Amino acid sequence: MAHKHKNNANHQTACCSLEENKQESDKDQKGCCTVENDAENYDGHDHDDRNGSESVFRLFLPSIISFVLLIIALLFDNYFPQSWFNGWVRIAWYLVAYLPVGFPVLKDAFQSIRKGAFFSEFFLMSIATIGAFGIGQYAEGVAVMLFYAIGELFQMMAVQKAKSNIKSLLDQRPDTANVLYGANVVSKKASEVTIGETIELKPGEKLALDGKLLSDHATFNTAALTGESKPDSKSKGDIILAGMINLNSIAQIEVTTAFNDSKLSKILEMVQEATAKKAPTELFIRKFAKIYTPIVVYLAIGICLIPLLFVDDYVFKEWLYRALIFLVISCPCALVISIPLGYFGGIGAASKNGILFKGSTFLDTMAAIQVVVLDKTGTLTKGVFKVQKVVAVGISETDLVNYTAAIEAKSTHPVGSAIITFANNAKNKTVVTEVTEIAGYGIKGFVDGNEILLGSIKLMKKFNIDYDTKLETIPYTIIVVAINKKYTGYFLIADEIKEDAKSAIESLHKINIKTILLSGDNQAVVMAVAKELNIDEAFGNLLPENKVEKVEELLRQKLKVAFAGDGVNDAPVIALADVGIAMGGLGSDATIETADVVIQNDQPTKIFTAVTIGRKTKQIVWQNIGLAFSVKLIVLILGAGGLASMWEAVFADVGVALLAILNAVRIQRMKF
């Protein structure tokens, strides 16, 4: 997926490019910008896999050797002086202590200069430590490079941990599938299974491809897709997605989607591509670091040489030491690793909760959302029409249901399927003839010789049939029935509201987010749902273009708008909003492709969770920026004034970087 690396070509900020890093396969001591590239491309490259397989001891071995040699040298220098430990022997000892951690960085500095990235952090650390050796500060030169190397290892481990968390969460696809051929079961590679073949899934097994359930009933663990551990019961004909785990009896599933086109494959692709879309804060830090690094090099030169013109007792060695401290402190490591890692952690935390952000920029935007606009059917409601009430007049309820279901069985109207389901798919022995649909009104037909009219109130008016006028005040779908031109009752049919819809709206209101409902349903139904859920504003009878107009009106008011929907007709307005949210479990492929955020389990409460994760991620990122700048600024001033040594410089660089990294990765452990 070459397009994921498009940003790296321009990213020469204090690091070599991703491609360069791939060529340098022997590079264990990676720079902080290299680690940033790892965070951006979590799908893994060769050097990542190699490092991941190394033992922690082997990874830290160069640092351990350097540390032991440094401690011995400090003991000889300060507590147990040895007559032989002086002159060239002492210098050689410190040089040997320096090389295990210093050589990889010196090599990186040379490689980055050769590739045109002169002002890299490798260059900063190289001249600072070589300069320390040049003025006789051997112990400090070794210590700076040692702690820098240890810091880089911890950074690399933090990124790999974040990377493995997301991989283990999402890459749930088994490599093989058991395909049924007559009475035989054959194990095949999942990628070789074709559409239309039948997979036999035993209890405890994980489905490799999307399919349709052929068995009457089955229960699945859907945590890989939705983040929810609650078992999900499925019936014959229901869609079963790759990554779901069969929990009880053997299930047979007909494959409906190729391996690479499964919903889980698309999820993996979305997360892999997510970090290519940078948040404004990340882009700013990149640009800032590109300008910042050469500036601090020139300032360091100025600190060393300019005092020569103004200070009477100027000592070159003293001012060079101050300049070297300045260089160590000014390394932008804490910023260029902790900020991308913070956003990467936010994407991982969201994935763990069944929410897929298609880029860190949407984490930032979601944190700033002021208005959430919602579609009704499939977003706040289940999208499944059910008969809520039956009223029979002058006829038994059983006969009314049977007559109506017999007619609806000849119809293609979705509301009719609700009545058929309610009738429990009874095999009526009635004779149905002359069924005709009256467009915009309903259906006419004959059952056992009786003329049946069923449809809207308009149908009753069309045939001048008297009916109960109270029906006109009911804000839901009403199917009115007349037998032989006489009103005989009605069916009240409504879409069920999702269990968590009300709490979702309440949660959004608590964080001062306005809610608006847009729907193509009639205004009375839309207002009834809005009233029940306490939604701020509601608009019905809307075509797709009308929804677009409503959202454009909000955007003209300079409001940050998120739109949540699931249907094909929602794709245009999802594309228009600042953040488009697709309800991914039942949502159309077009809507999921267009959306910026995908909610896998269709729960409206996840919209609130997405906002919360966005806000927490942004908070952590700005905490890291504040921490890095404040500590570095203080120690920079002290260093330039001769009040800070190399040891303080090490803390300002490596110490702050490690604190920022620990702060960034904690979002993955938070519960939302």
Side-chain angles (χ1 to χ4, degrees), residues 12-16 31-33 90-91 94-95 98 101-103 105-148 287-336 628-657:
Q12 299 296 331
T13 308
C15 64
C16 47
C32 65
C33 292
R90 181 170 178 266
I91 295 172
Y94 277 113
L95 187 61
Y98 176 84
V101 290
F103 179 74
V105 178
L106 294 173
K107 180 184 175 184
D108 291 342
F110 174 76
Q111 292 284 359
S112 61
I113 290 171
R114 197 179 69 175
K115 297 293 192 297
F118 189 84
F119 293 108
S120 67
E121 75 159 284
F122 312 122
F123 176 71
L124 293 186
M125 299 307 296
S126 297
I127 60 174
T129 52
I130 292 171
F133 268 76
I135 59 175
Q137 300 291 341
Y138 309 123
E140 294 188 7
V142 174
V144 166
M145 192 60 80
L146 171 62
F147 288 115
Y148 170 75
K287 292 175 183 176
F288 171 81
K290 194 170 185 178
I291 299 167
Y292 166 87
T293 308
I295 287 176
V296 297
V297 172
Y298 294 128
L299 285 175
I301 295 171
I303 289 171
C304 179
L305 300 178
I306 291 176
L308 176 63
L309 305 174
F310 303 101
V311 178
D312 294 333
D313 55 347
Y314 175 82
V315 178
F316 174 76
K317 183 178 177 180
E318 177 187 334
W319 287 97
L320 176 60
Y321 183 66
R322 294 187 187 187
L324 296 176
I325 292 171
F326 186 86
L327 282 179
V328 174
I329 298 166
S330 62
C331 178
C333 197
L335 294 173
V336 290
F629 273 119
S630 58
V631 173
K632 282 183 179 288
L633 182 61
I634 292 168
V635 184
L636 277 174
I637 295 170
L638 293 175
L643 301 175
S645 69
M646 280 279 189
W647 300 103
E648 284 86 356
V650 168
F651 171 75
D653 175 38
V654 179
V656 171

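Just so we're clear, the structure is a prediction, and the values are computed from it rather than from any experiment.
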- Trp319 to Ile303 - nearest heavy-atom pair and separation: CE3-O, 3.3 Å
Name all residues meeting the side-chain contact (heavy atoms from CB on, under 4.5 Å) criterion together with [X]; count only those two or more places apart in sequence or in a different chain, and write none if there are none.
| X | value |
| --- | --- |
| Ile637 | Leu633 |
| Leu299 | Ile295, Phe326 |
| Ile301 | Val297, Tyr298, Leu305 |

Side chains of residues 124-146: which donor-acceptor pairs under 3.5 Å do they make with residues two or more places apart or in other chains?
residue	atom	partner	partner atom	Å
Ser126	OG	Phe122	O	2.7
Thr129	OG1	Tyr98	OH	2.8
Thr129	OG1	Met125	O	2.8
Thr129	OG1	Ser126	O	3.2
Glu140	OE1	Tyr321	OH	2.3
Glu140	OE2	Tyr321	OH	3.1

- Sequence neighbours excluded, every pair satisfying salt bridge (charged side-chain N to carboxylate O under 4.0 Å, His left out) that has a member inside residues 318-327: Glu318-Arg322
Scan the side chains in residues 308-316 for donor-acceptor partners under 3.5 Å anywhere in the protein, sequence neighbours excluded, and list what turns up.
residue	atom	partner	partner atom	Å
Tyr314	OH	Cys304	O	2.5

